[in-house]
S.K.: 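This is the structure I want to talk about, given as C-alpha cells.
Along the sequence shown, residues are numbered consecutively beginning with 1. Start at 1 and go down the list; that is how both ligands and their atoms are numbered.
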Amino acid sequence: MQKVIGRLGGCVPRVPPPAAFQRGGSRRKAGKRWGLCPPPARQFVEEGVRLCRPRALRLCDGSPAEGAALLSQLQAEGVLHPLPKYDNCWLARTDPRDVARVESRTVLVTERERDAIPPKPPGGGPQQLGNWMSPPAFEQAVQERFPGCMEEPLVSQWPCDPARTLVAHLPDQRRIVSFGSGYGGNSLLGKKCFALRIASRLARDEGWLAEHMLILGVTDPAGKKRYVAAAFPSACGKTNLAMMTPALPGWRVHCVGDDIAWMKFDAEGRLRAINPESGFFGVAPGTSMRTNPNAMLTVRANTIFTNVGCTSDGGVYWEGIDQPVRPGTTLTSWLGQPWTPGDPQPCAHPNSRFCAPANQCPIMDPAWEDPEGVPIDAIIFGGRRPEGVPLVYEAFNWRHGVFVGSAMRSEATAAAEHTGRRLMHDPFAMRPFFGYNAGQYLAHWLAVGEREGARLPRIFHVNWFLRDGAGRFVWPGFGHNARVLAWICSRVAGEDNAKTTPVGLVPREDALDLDGLPGVSYADLFPVSRPFWEKEARELRRYYEENFGEDLPKEVMGELSALEERVKKM
Ligand code: O2Y
Ligand code: MN
C-alpha cells in the first residue's frame, strides 16, 4: 500500500485521463472530472502515476455511491468482511506485521538536522525526539521504493512492505510521502502526518498551536459551560475522557474531538480550538458500555473495525468488551483463527481500532464543527503514572505549565511498536508527532504565553492511574474523572480552594468531591513525597540533558531547578 502527497520530481510523459471509478460510471464523466481538477492537483497526480505506474487511475468524488462501490470492491478482494450484526460495519484484518505506527521509520526531512531534532545524545544513543533524514537520503529512499511500485503483483490481501516502510515528512514543502504500511497513522495521512507533524510546523510559523489533545465541553449543574483541551500519550484514555458520562449528578460532558486540537487566539485574546478530524480512530480493547457507552453507541453503524475479533453471528469481539457471547456462537481472533476465552493470546490485537464518523457520537458538542472553534479555559496534561504523581495538580503559571508538559511521562502502550510497561518520556504527548525540533517547540509554547493581550487557559496535570501497594488502581476513573473536571472548573471560576505543594497546586481536602466513593482516600490520591520527586527531578535533568541538550529553553531548565529547590525544602 503506497501513498504519496506532494511533488515527486522528474520529467515524465503525459498521463491519460483516469478510468471511470464506479462500475457503470462512464469514462467520459471521469475525463470531464479530470479536466476540472486544478492544474497543481493534476500535476501532482501525473507525477505520482509516472513514478508508481498504477494499472488505472481513479478520481474520487467522495460521494456515498462511491463509498458503497469501494466497500463492495474491497469485500470482493477479501480486504473487508461484512459484520451483519450491525448496519454497514466492516472488519479489516491487516497483515500481522502491519499493526501500529512505526516510529522508527517515521522521519522529518530537512536540510539541517537541527531544524528537525535537537542534537544527538552524547554517547550516540538514539534520539528519542524524532528521526531526521537528509534530502539526498530521502531522494534515494524514494528511488528505492516508488518507481513501478504499483505495477508489482500483490502478495496478499493486505499489501504492505514492512522491511521498507517509510513515513517521511518534508515540513518546508508541506509534503508527506508514505510507503509500505496501510495501517492507521502510517497511512491516514490527514491525521498524525498532516494534522500534527506538518500542522505543528505551520502553527509555529503562523503563531498558533497544533496539539495531540482531545477537546471537551463540560457543563456544571447551574448550566455554566467550559471547554478544556487535554494531552495524554497514545492510548491513555483520551477517547474515554472525551466521551465521558459524568458520575457527578447534574454535570454534562460534550465531545468536540478525541485526538487532535488546532488552537488559535481570537481577537479577544482567547485561545479557541477546533478538531481538524471528522471521525474517531479509537482503541477497541477495553471499550465497553461500562467504560465508554458513547463510543459503543458511535460504532454501531458505518464503522470499519481493524484487527478486532469477531463472532459467528456477525459481531465484533475484543478484550474488555464486557458483552456476553450468545450460546452457540463461536469466536474468531484478529488473526482469523478459532478463539476461545482463556486462550493465551488475545482475541483482538491490543492496538485494534474502530474508525467511525464523529457525528454518530451521541454527545457531540453543538459547536464541534464551528469554524471559529471553542474557547479553551483549561489545558490538561496527563499520563499513566503508577506511583508518586497526584491525581491532579495545577501549574503555578503558564511557564510552569510548559515545564509540566515537557516533563510528561507515561507507561508505554500498544499504539506504536514499543512494548512493556516501562515509563517513557513523552513531552506534551507529542514525542512521536513533533514536526520540528522539540526544543524549538517548547520555545514556541513559551512565546505563546508571552503574547500580548492573551487570556491564557490555566494548566493542569492529571493522573488517573495511581496504584496501591497491591497493584490496584486507587482512583475509579472513567465517569468519576468528572470530579476532577469539577475542581478544574472551580479553579477557572477563581475559587480559592487549592493548597500549594512543591509540585503544584492541589485541591484542598474539602474541595474535591469524593462523596459516594468508599475506600477512596484523599491521602492515597495526593502523594507528594520528597524521595519520589527528588528521583523524578534527577531523571528529568538527565533526560533533558541527553535529549534536548542546548536546545532546551533556559526557562524550562529554570523551572526544573526551581522544582528541585522546592523539593529540597520539603
Ligand atoms: O495510528 C495508529 O495506527 C494507531 S495510533 C493512534 C490512533 C488514533 C489516535 N491516536 C493514535 C496515537 O498513537 O496517538
Ligand atoms: Mn493520538
S.K.: Say whether His212, considering both its backbone and side-chain N or O atoms, lies within less than 3.5 Å of an N or O atom on ligand 1.
M.R.: yes
S.K.: Between Tyr183 and ligand 1, does any nitrogen or oxygen pair lie at a separation below 3.5 Å?
M.R.: no
S.K.: Please state whether the rings of His349 and Trp334 are parallel, tilted or perpendicular, taking 30° and 60° as the class boundaries.
M.R.: perpendicular
S.K.: Output the list of atoms in ligand 1 that are nearer than 4.0 Å to some heavy atom of Gly185, sorted by atom number.
M.R.: 1 (O), 2 (C), 3 (O)
S.K.: Quick one: which ligand 1 atoms are inside 4.0 Å of a heavy atom on Lys192?
M.R.: 6 (C), 9 (C), 10 (N), 11 (C), 12 (C), 14 (O)
S.K.: In terms of atom number and element, which parts of ligand 1 are under 4.0 angstrom from non-hydrogen atoms of Asp259?
M.R.: 9 (C), 10 (N)
S.K.: Begin from the C-alpha positions of Phe146 and Phe179 and carry the test ring-ring contact (aromatic ring centres under 6.0 Å, His included) through to its verdict.
M.R.: CA-CA 8 Å; Phe146 284 94; Phe179 182 93; 5.1 Å; yes
S.K.: Any N/O/S atom of Gly185 sitting less than 2.8 Å from the Mn ion (ligand 2), backbone or side chain?
M.R.: no
S.K.: Any nitrogen or oxygen of Phe281, side chain or backbone, less than 3.5 Å from one on ligand 1?
M.R.: no
S.K.: Within the structure, is a non-hydrogen atom of Arg353 found at a distance of less than 4.0 Å from ligand 1?
M.R.: yes
S.K.: Name of the Asp259 N, O or S atom nearest the Mn ion (ligand 2)?
M.R.: OD1
S.K.: Does the ring centre of Phe381 sit less than 6.0 Å away from the ring centre of His461?
M.R.: no
S.K.: Taking the side chain as every heavy atom from C-beta outward, state whether Asn481 and Arg483 have any pair of such atoms under 4.5 Å apart.
M.R.: no
S.K.: Parallel, tilted or perpendicular: which describes the rings of Phe460 and Trp487, with under 30° parallel and over 60° perpendicular?
M.R.: perpendicular
S.K.: Which word best sums up how the rings of Phe403 and His400 line up, parallel for under 30°, tilted for 30 to 60°, or perpendicular for over 60°?
M.R.: parallel
S.K.: Of the backbone atoms (N, CA, C, O) and the side-chain heavy atoms from C-beta on, which set of Asn351 has a member under 4.0 Å from an atom of ligand 1: side chain, backbone, both, or neither?
M.R.: side chain
S.K.: Within 45° of the ring axis of Phe232 and under 6.0 Å from its six-membered ring centre, is that where the NZ or CZ of Lys238 lies?
M.R.: no
